[in-house]
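Everything below concerns the one structure shown next.
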Amino acid sequence: MSQAPSESQPHDPAVIREAVRERYARAAVRVEEASGGASGLRLPDPARDLPLVDLTPAAAGEDACCGPSGCGPAGGDAGCAPDQIGAVAAFYRQADTADLPASITDAALGCGDPTALAELERGETVLDLGSGGGIDCFLAAKLVGPEGRVIGVDMTDEMLALAARNRERVGAANVEFRKGQIEALPVEDASVDVVISNCVINLSTDKEAVLREAWRVLKPGGRFRVSDLVLTRALSREEARSMAEWTGCVAGALHRDAFAGALAAAGFADVRLRLGAAWRDGVHSAQISARKPG
């Protein structure tokens, strides 16, 4: 659903987008440096690259889920952060990640494994919304085979650079990465069999646009298979107003009923939402699936 500045959420959408971009840019650089790569990636300079916004650790949610220090589901140690080992083991139990380098697995910033519910078949075309370091793209590439195709879209230059290096490292010839926003995808109409995403849609300030775009790029009969955080309660005024909660994947999360309703409003059928682990009171990981009729 669209978000506009209000009493409960006073931040301009452009400011939120830049805060998210800066957060994930820093995560990309840290992952590449920690994995021993000579990244050449540049940390953003807030004075040059970003609008004036408080991005101190406390304000930017350094201890929030889906961010640089993560918080595992149900208070566990499996978080979604590049400096917290365990995310891959927790979320990718059904996936073969043994051959993926640390620059891929340590950049797994999600809250699930969308490839496990995507029912991918050889030869299909897959689109990953907010592809980050590329883990879900590379896992999908294995499943669709060399005759298939995987497209990752991300808005953060540093993440795109990390993903490109990772593509070279694993030799994934059937994967490509494109710069863009998930509200305006650089992808042709009706060209994709499956849309996946992993803890990214909550970060968008215009969910309606994201879902319309997903519907547009899917072929008739195409599948929407997403892992994301959803709410089972209303957020407090303080939570909704917090930039930390936005960049930490909480303030922008939809209530589960609102997510299902938004998918139906976008034209999707067979909408299903299955709650997973509680990350904290009223905030859950979820498996979300739907189908474009046709």
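Keep in mind that what you see is a predicted model, and the values were worked out from it rather than measured.
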message: For Val210 and Glu183: C-alpha separation, side-chain torsions, deciding distance, then whether side-chain contact (heavy atoms from CB on, under 4.5 Å) applies.
response: CA-CA 4 Å; Val210 174; Glu183 299 87 354; 3.8 Å; yes
If we ignore hydrogens and angles and just use 3.5 Å, is the side chain of [X] paired with the main-chain N or O of [Y] as donor and acceptor?
| X | Y | result |
| --- | --- | --- |
| Arg167 | Leu162 | no |
| Arg225 | Val194 | no |
| His284 | Ala286 | no |
| Asp270 | Arg291 | no |
| Asp106 | Val31 | no |

Look up atom [atom1] in [X] and atom [atom2] in [Y], then write down how far apart they are to the nearest 0.5 Å.
| X | Y | atom1 | atom2 | value |
| --- | --- | --- | --- | --- |
| Thr156 | Arg26 | OG1 | CZ | 12.5 Å |
| Asn202 | Cys111 | CG | SG | 7.0 Å |
| Asp113 | Ile135 | CG | CD1 | 8.0 Å |
| Ile288 | Leu273 | CD1 | CG | 4.5 Å |
| Leu263 | Phe224 | CG | CZ | 5.0 Å |
| Gln287 | Leu275 | CD | CG | 10.0 Å |

Minimum heavy-atom distance [X]-[Y], with the two atoms named:
| X | Y | value |
| --- | --- | --- |
| Thr125 | Val192 | O-CG1, 3.6 Å |
| Ala27 | Met159 | CB-CE, 4.2 Å |
| Ile104 | Asn166 | CG1-CG, 3.3 Å |
| Val217 | Val195 | CG2-CG2, 4.1 Å |
| Gly133 | Phe138 | O-CE1, 3.7 Å |
| Trp215 | Pro293 | NE1-CD, 4.1 Å |

With Asn198 via side chain to side chain donor-acceptor pair (under 3.5 Å) - residues at least two apart: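 Tyr92, Asp136.
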Ionic contact status for [Y] with [X], cut-off 4.0 Å:
| X | Y | value |
| --- | --- | --- |
| Glu245 | Arg280 | yes |
| Asp99 | Lys142 | yes |
| Arg149 | Glu176 | yes |

Is there a side-chain contact between [X] and [Y] (heavy atoms, below 4.5 Å)?
| X | Y | answer |
| --- | --- | --- |
| Lys292 | Lys219 | no |
| Leu100 | Leu139 | yes |
| Cys199 | Leu229 | yes |
| Glu213 | Val153 | no |
| Asp154 | Phe177 | no |
| Leu129 | Ile196 | no |
| Met243 | Val15 | yes |
| Arg223 | Leu120 | yes |

message: Between Ser103 and Arg165, do the side chains contain a donor N or O and an acceptor N or O under 3.5 Å apart?
response: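 No, no side-chain donor-acceptor pair sits under 3.5 Å.
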field: Results of side chain to side chain contact (heavy atoms under 4.5 Å, CB included) for Arg17 - residues two or more places apart only
entry: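 Result, side chain to side chain contact (heavy atoms under 4.5 Å, CB included) vs Arg17: Ala14, Arg21, Met155, Gln181, Thr205.
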- request: Determine whether more than 12 heavy atoms belonging to other residues, nucleotides or ligands lie under 6.0 Å from atom CZ of Arg178.
  value: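 Atom CZ in Arg178 is crowded, with more than 12 foreign heavy atoms closer than 6.0 Å.
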query: Under the side-chain contact (heavy atoms from CB on, under 4.5 Å) criterion, do Ser227 and Leu117 qualify, and how do the steps go?
result: CA-CA 9 Å; Ser227 297; Leu117 60 144; 4.2 Å; yes
- request: Would you sort out whether Arg212 and Glu208 count as a side-chain contact (heavy atoms from CB on, under 4.5 Å), showing the intermediate values?
  value: CA-CA 6 Å; Arg212 287 196 303 268; Glu208 292 171 339; 3.6 Å; yes
